[in-house]
Number of protein chains: 2
Amino acid sequence: MDNGNISVRTSGPAADKIGTSLRRAILRGEMQAGTRLRQDAIAQQFAVSHIPVREALRQLAAEGLVTIRPNRGAIVSRLSSAEARELLEIRCAIETQAVRWALPHADADVLARAEAALMESECTEDVARWMEINWRFHFTLYERAGRPRALSLIESLDLQIDRFIRVLFTASDYRKQAQEEHRAILAAYRVGNAAAVTSLLEQHITETSRLLTELLERYQDE
Amino acid sequence: MDNGNISVRTSGPAADKIGTSLRRAILRGEMQAGTRLRQDAIAQQFAVSHIPVREALRQLAAEGLVTIRPNRGAIVSRLSSAEARELLEIRCAIETQAVRWALPHADADVLARAEAALMESECTEDVARWMEINWRFHFTLYERAGRPRALSLIESLDLQIDRFIRVLFTASDYRKQAQEEHRAILAAYRVGNAAAVTSLLEQHITETSRLLTELLERYQDE
DNA sequence: TCTAGATTCAGTGTCATATTTGATCCGAAC
DNA sequence: GTTCGGATCAAATATGACACTGAATCTAGA
């Protein structure tokens with residue numbers, strides 16, 4: 001964390017800025033699951049009092065990224081394999097519906113951007129970068145759904161699970177497999193084949209779920 | 001609001017107690033959409049400083065019940081007809097999936113409790129009471145899904161929309177219709193007919209959506 | 001009528017302080 | 001050696017008084 005002592009008063013509430021910064025650190029794996037989040041240390045780091053820190057932590061807790069234990073402090077949330085499986089099941093249910101909504105409204109712009117994301121993801125070796133592009137690829141497919149709430153919900157589910165998907169990179173050849181699956185999804189999307197898109201998307205998420213829950217189960221045995 | 005000056009220090013953080021109390025007031029319609037939520041007034045009412053009030057408001061904002069405008073204060077969230085429609089669409093997608101998960105594991109206890117909820121809802125004239133029982137009825141059908149996260153998500157969606165469904169009681173014969181639909185759903189559930197259950201549930205939620213969005217559109221024209 | 005500055009309102013956060021909670025440690029008793 | 005109770009510790013939780021900030025509204029002048 002290289003924030004230094006920034007002025008947090010000039011662009012919105014301090015609590016929001018702190019929350020954004022902590023969220024980023026958690027999502028990039030700089031703060032691992034189980035890490036203690038001490039109010040006074042964070043307050044010192046951001047050169048603020050502990051009040052906006054508490055507010056930021058509450059916000060992150062509501063998002064599921066942080067677990068608050070009253071009077072004992074906050075930690076970066078862990079995720080059990082059962083929870084992971086379930087989150088991905090929910091994602092699957094909503095994302096397949098979102099893509100059905102979006103597909104009839106897909107245009108050349110959407111296709112070009114999804115293709116660009118796919119090309120970009122093939123050129124990067126950086127895990128954090130790849131995860132960002134992965135999200136952008138998926139989001140682009142759903143963009144024309146006309147359902148902001150659903151997309152927001154998908155994003156919040158994504159936030160809870162993507163930092164764990166990150167570990168698949170070192171534990172399996174996840175990236176190669178995911179790229180192939182993305183290619184197939186985009187090909188079906190391009191010709192407007194809704195049944196194929198949803199089926200491929202479902203397989204993609206289900207396979208991710210299988211790999212991730214296996215990995216988390218191994219973690220829990222250690 | 002008849003809370004008086006209660007001691008909020010004896011069972012968990014003050015912010016949690018305030019949040020719970022405000023949430024209840026919002027859900028029961030005691031605080032209408034658009035109502036100003038002033039930190040100082042709430043702090044006075046609960047005999048606390050403004051700090052736990054701010055934390056409670058942030059928590060409720062994260063739940064979608066409250067909208068915070070920086071430097072301008074918080075209001076009880078409004079809901080546009082488009083948002084209502086979408087929330088119910090999402091609910092429909094998840095609840096039909098939840099009931100599919102639950103149905104193979106339904107037992108006599110679940111059936112008895114769902115039946116009891118239905119009977120109880122037929123005996124009450126109180127809107128708040130009916131809404132609670134309505135939730136209990138639905139929740140009971142999903143209980144055996146073995147998916148705590150999904151059920152939690154359904155509940156949070158419920159929280160965002162049920163206070164608006166309340167107004168259907170005075171604006172249409174919603175209750176009678178909903179009771180009939182509940183009866184049909186339970187009958188199909190009882191014989192384990194998953195296709196019929198999901199289809200009836202989908203119709204039930206879709207019909208609710210239709211009525212509610214019409215009503216909200218009328219509100220917005222005034 | 002429009003614009004700029006003043007005023008108002010309520011939020012945002014600090015500070016020094018006190019209190020509370022839960023975990024850990026330590027000594028005494030068995 | 002084990003158990004139990006009290007003391008200690010670390011960190012969270014919140015107070016009350018105060019200062020500052022931002023956005024909306026009001027007022028006066030051009």
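Note that the structure is predicted; figures quoted are calculated from it, not measured. Throughout, a chain's letter reflects where its sequence line sits, starting with A, and its residues are numbered from 1.
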Original post:
Could you state the CD-P distance from A/Q39 to C/dT21, rounded to the nearest angstrom?
Top reply: 16 Å
Original post:
Across the strands shown, which category fits A/I68 at heavy-atom distances under 4.0 angstrom: base, sugar-phosphate, nothing?
Top reply: nothing
Original post:
Between atom CD in B/Q44 and atom P in C/dG11, what is the gap in whole Å?
Top reply: 13 Å
Original post:
In whole angstroms, how far is the P atom of C/dA10 from the CD1 atom of B/I75?
Top reply: 15 Å
**OP:** Whole angstrom is fine here: how far is it from NE2 in A/H50 over to C1' in D/dA10?
**Re:** 15 Å
Subject >> Residues that A/F137 engages under ring pair (Phe, Tyr, Trp, His ring centres under 6.0 Å), provided they are two or more places apart >> reply: A/H182
Original post:
How long is the line joining CZ of A/R69 and P of D/dA12, in whole Å?
Top reply: 10 Å
Subject >> Nearest heavy atoms of A/L211 and A/Y174, plus distance in Å >> reply: CD1-CD1, 3.9 Å
Original post:
In whole angstroms, how far is the C1' atom of C/dC15 from the CG atom of A/D40?
Top reply: 16 Å
**OP:** Give a yes or no on whether a salt bridge exists between A/E132 and A/R28, defined as a side-chain N under 4.0 angstrom from a carboxylate O.
**Re:** yes
**OP:** Under the ring pair (Phe, Tyr, Trp, His ring centres under 6.0 Å) rule, collect the residues that match up with B/W101, sequence neighbours excluded.
**Re:** none
**OP:** Would you kindly compare A/G73 and A/I51 by the position of their nearest DNA chain D nucleotide and give the one closer to the 5′ end?
**Re:** A/G73
**OP:** Establish, with yes or no, whether the OP1 or OP2 oxygen of D/dA14 is under 4.0 angstrom from a side-chain nitrogen or oxygen of B/R54.
**Re:** no
Original post:
Whole-Å distance between D/dG22 P and B/N71 CG?
Top reply: 7 Å
Subject >> Spacing of A/R72 atom CZ relative to C/dT24 atom C1', expressed in whole Å >> reply: 10 Å
